[in-house]
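Read the structure below first, then the notes.
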Amino acid sequence: PVSLCGSWDMVSNVNFEGYMIALGISLYTRKIALKIKHRKVIEQVGDRYVVKTLSTFRNYTFSFRVNEEFQEFTKGLDDRNCKSLVAWEGNKLVCIQKGEKKNRGWAHWIEDDKLHLELHCEDQVCKQVFKRV
Ligand code: RET
């Protein structure tokens with residue numbers, strides 16, 4: 001598939017609020033998080049991916065190997081521990097985040113030169129689109 005690597009700037013963000021509420025993120029953090037644009041920086045170092053979500057408010061970075069379960073602590077988001085697993089499903093890079101929250105995970109793919117990210121938790125789905133910087 002097309003490489004996800006590079007720097008990407010947010011162009012749209014649908015139902016981020018619903019997703020954050022499902023995660024139990026505080027009103028204070030939600031108010032700020034809703035107003036800011038995120039930049040996604042995806043790097044590949046050997047067989048390891050590093051994904052950075054950068055903003056003027058807070059950053060969140062994690063890294064993983066595809067098909068290898070890892071311990072994820074969602075520091076600065078909802079501060080939970082997950083057992084996460086990322087795998088390719090066709091052209092989508094799909095993550096399942098097992099933990100306290102049901103049906104939690106995300107998927108990344110490229111469509112029309114844009115980076116798409118769908119985040120889900122419980123019954124909420126957030127859809128984000130990014131363009132190359
Ligand atoms: C920000 C700002 C502080 C509050 C919240 C944030 C959410 C970040 C999220 C990042 C997800 C990244 C994923 C990347 C996959 O490749 C923007 C750090 C809640 C939800 C899943």
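Ligands are counted one by one from 1 in listed order, and the atoms in each one are counted from 1 as well. By convention here, the first residue in the shown sequence is residue 1.
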Under 3.5 Å, N/O to N/O: give me all the pairs between ligand 1 and the protein, one per line with atom names and distance.
{"residue": "ligand 1", "atom": "16 (O)", "partner": "His108", "partner atom": "NE2", "Å": "2.7"}

Side chains of Lys127 and His116: any donor to acceptor distance under 3.5 Å? yes
Judged by modelled atom types alone, do Glu122 and Asn103 share a side-chain donor-acceptor pair under 3.5 Å? no
Aromatic plane relationship, Tyr28 with Phe57 - under 30° parallel, 30 to 60° tilted, over 60° perpendicular: perpendicular
Looking at Glu72 and Lys83, does any basic side-chain N land under 4.0 Å from a carboxylate oxygen? no
Do NZ/NE/NH1/NH2 and the carboxylate oxygens of Lys131 and Asp112 come within less than 4.0 Å? no
Looking only at side-chain N and O atoms, does Arg48 offer a donor or acceptor that is under 3.5 Å from a partner on Ser63? yes
